[in-house]
Amino acid sequence: MSEMPEFASQVLDVVDTIPSGCVMSYGDIAEFLALGRGPRQVGRVMAVYGGGVPWWRVIHSDGTPAPGHDESALRHYLAEGTPLRSARPPVRVDMRRARWIPSPSPKIV
DNA sequence: GTGCTGACACAGG
DNA sequence: ACCTGTGCCAGCA
């Protein structure tokens with residue numbers, strides 16, 4: 001099995017906590033982790049290790065899903081009842097309603 | 001070390 | 001809605 005950077009593990013952990021019907025932007029995750037990384041690094045993590053987490057809940061700050069996956073993402077949104085502003089390409093999630101902010105680390109203090 | 005690329009964000013046209 | 005430029009950080013040739 002391949003190891004993965006702590007940062008990647010952190011990102012995947014957060015993504016895994018995003019409830020159904022909600023989403024987070026790459027920047028939101030980067031900001032929540034409050035590490036030195038930026039949204040681009042979050043995007044890279046998702047591109048490499050995002051196969052085991054609800055990746056469709058991680059989108060751009062605009063509400064547009066990951067490039068190339070808008071089709072699969074839309075299917076998940078319809079199934080989860082994610083508030084959409086546009087159910088037809090360009091698919092756009094209603095960030096104002098779907099944006100979700102995770103609660104502070106339950107332990108780690 | 002240098003330069004390009006990338007599942008980003010934001011401002012401007 | 002679309003494209004461009006700029007800022008940001010990390011990975012790779």
Side-chain angles (χ1 to χ4, degrees):
Chain A
M1 287 292 284
S2 54
E3 284 291 314
M4 75 168 76
E6 271 302 308
F7 179 62
S9 188
Q10 291 276 78
V11 172
L12 298 182
D13 186 56
V14 174
V15 176
D16 214 29
T17 65
I18 304 176
S20 178
C22 296
V23 298
M24 276 185 85
S25 72
Y26 298 93
D28 285 346
I29 295 174
E31 196 168 297
F32 175 72
L33 293 178
L35 300 177
R37 276 56 178 204
R40 287 198 97 113
Q41 276 46 270
V42 174
R44 203 185 69 77
V45 169
M46 292 306 293
V48 180
Y49 310 99
V53 294
W55 52 264
W56 57 90
R57 292 176 190 155
V58 184
I59 60 182
H60 289 241
S61 60
D62 295 58
T64 55
H69 295 277
D70 46 303
E71 206 172 310
S72 302
L74 175 59
R75 198 169 58 214
H76 286 290
Y77 300 148
L78 296 177
E80 299 182 356
T82 305
L84 301 173
R85 271 214 305 167
S86 189
R88 246 333 257 192
V91 178
R92 274 200 355 159
V93 173
D94 189 333
M95 286 302 275
R96 207 192 11 179
R97 289 193 298 163
R99 201 182 207 194
W100 178 77
I101 307 299
S103 54
S105 314
K107 18 157 220 75
I108 306 175
V109 201

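Exactly one of A/Ile29, A/Val58, A/Val53, A/Leu35 qualifies for a side-chain contact (heavy atoms from CB on, under 4.5 Å) with A/Val11. That residue is A/Ile29.
No side-chain heavy atom of A/Pro19 sits less than 4.5 Å from a side-chain heavy atom of A/Glu80.
The two residues A/Arg57 and A/Cys22 make their nearest non-hydrogen contact at CG-O, 3.4 Å. The nearest pair of heavy atoms linking A/Ala66 to A/Tyr26 is CB-OH, 3.7 Å.
Here CG of A/Asp13 is found 10.5 Å from CD of A/Glu6. Values are rounded to the nearest 0.5 Å. Rounding to the nearest 0.5 angstrom, the gap separating the CH2 atom in A/Trp100 from the OG1 atom in A/Thr17 is 4.0 Å. Between A/Asp94 atom CG and A/Arg99 atom CZ the span is 12.0 Å, to the nearest 0.5 Å. In this structure, OG1 in A/Thr82 is found 10.0 Å from NE2 in A/His76, a value given to the nearest 0.5 Å.
A straight line from CD of A/Glu71 to P of B/dA7 spans 18 Å, rounded to a whole angstrom. Between the C1' atom of B/dG6 and the CD atom of A/Gln41 lies a distance of 9 Å, rounded to the nearest Å. Put simply, CE on A/Met95 is 12 Å from C1' on B/dA9, counting in whole angstrom units.
On the nucleic acid side, DNA chain C has its first and last nucleotide under 4.0 Å of a heavy atom of chain A at C/dA1 to C/dG11, going 5' to 3'.
Contacts of residues 59-68 of chain A with DNA chain B (heavy atom under 4.0 Å): A/His60, A/Ser61, A/Ala66, A/Pro67.
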